[in-house]
Amino acid sequence: LQFCSILCLHLLRASLPFIRPSREKTDEGDTQATPTTVLVKLCELLDSESPDPVVKKLAHDIVVEGIAVFFPDARTRREYLLSMINTMLDGKQSTSWWLKLEALCDYFSQSNGHTLLELPKTISKDKELNTGTAMSILTTMIQVAQKE
């Protein structure tokens, strides 16, 4: 059974580059695993006292490499990251919590930094800039810094 689990984790990790993030909702009776349920199971593996370092390493790699699959759109990623930042100082967080925070921060810093603040790639005089999202993120950062 352990061998099969490891093979399934290897398969999932190898298939991540080919999985397109889906924003579709599934029916309640649907038995298909959603990205959210897969992420929850991976986090359970990371937070468990499993003595198998191979399983933990594979789960870790899948969470880091699959962050765009688990959070399919920029708004979801941003909102989840901000909610994590708000709870960062509230108490002891699990291993998987810190890993998701690291993966989301890494995602925004490497590939899509402008989407965190919802800033356009180019700004023209004709286009009005919506600063509401950027200001709410900066407010959150200030609140976290103040708590610290």
Taking all heavy atoms of [X] and all of [Y], pick out the closest pair and write down the distance.
X	Y	result
Val63	Ala103	O-CB, 4.2 Å
Leu46	Thr95	O-CB, 4.2 Å
Ile67	Lys100	CD1-O, 4.5 Å

Stepwise side-chain contact (heavy atoms from CB on, under 4.5 Å) check, Ile62 with Val38: CA-CA 10 Å; Ile62 292 168; Val38 173; 5.6 Å; no
Hey, mind stepping through Thr34 and Thr36 against side-chain hydrogen bond (donor to acceptor under 3.5 Å, both in side chains) and telling me if it holds? CA-CA 5 Å; Thr34 63; Thr36 304; 4.5 Å; no
Rounded to the nearest 0.5 Å, what separation is found between the [atom1] atom of [X] and the [atom2] atom of [Y]?
X	Y	atom1	atom2	value
Glu79	Met84	CD	CE	14.0 Å
Leu42	Thr37	CG	OG1	9.5 Å
Asp73	Arg78	CG	CZ	8.5 Å
Ser94	Glu44	OG	CD	11.0 Å

Same apolar cluster: Val40 and Val55, side chain cutoff 4.5 Å: no
Asp52/Lys56 ion pair, N-O < 4.0 Å: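 No, no charged N to carboxylate O under 4.0 Å.
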Check whether Ser15 reaches the backbone of Leu11 with its side chain - one donor and one acceptor, N or O, closer than 3.5 Å. yes
Out of the candidates Phe70, Tyr107, Phe71, only one should pair with Tyr80 under the ring-ring contact (aromatic ring centres under 6.0 Å, His included) rule; please name it.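 Single ring-ring contact (aromatic ring centres under 6.0 Å, His included) partner of Tyr80 among Phe70, Tyr107, Phe71: Phe71.
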Side chains of Lys57 and Asp61 in contact at under 4.5 Å (non-hydrogen atoms):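 Of all side-chain heavy-atom pairs linking Asp61 with Lys57, at least one is under 4.5 Å.
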How far apart are the C-alpha atoms of Val69 and Leu39, what are their side-chain angles, what is the distance that settles it, and do they pass the side-chain contact (heavy atoms from CB on, under 4.5 Å) test? CA-CA 10 Å; Val69 172; Leu39 180 61; over 6 Å; no
Of the options Leu58, Leu7, Ile19, which is the one that meets Leu12 in a side chain to side chain contact (heavy atoms under 4.5 Å, CB included)? Ile19
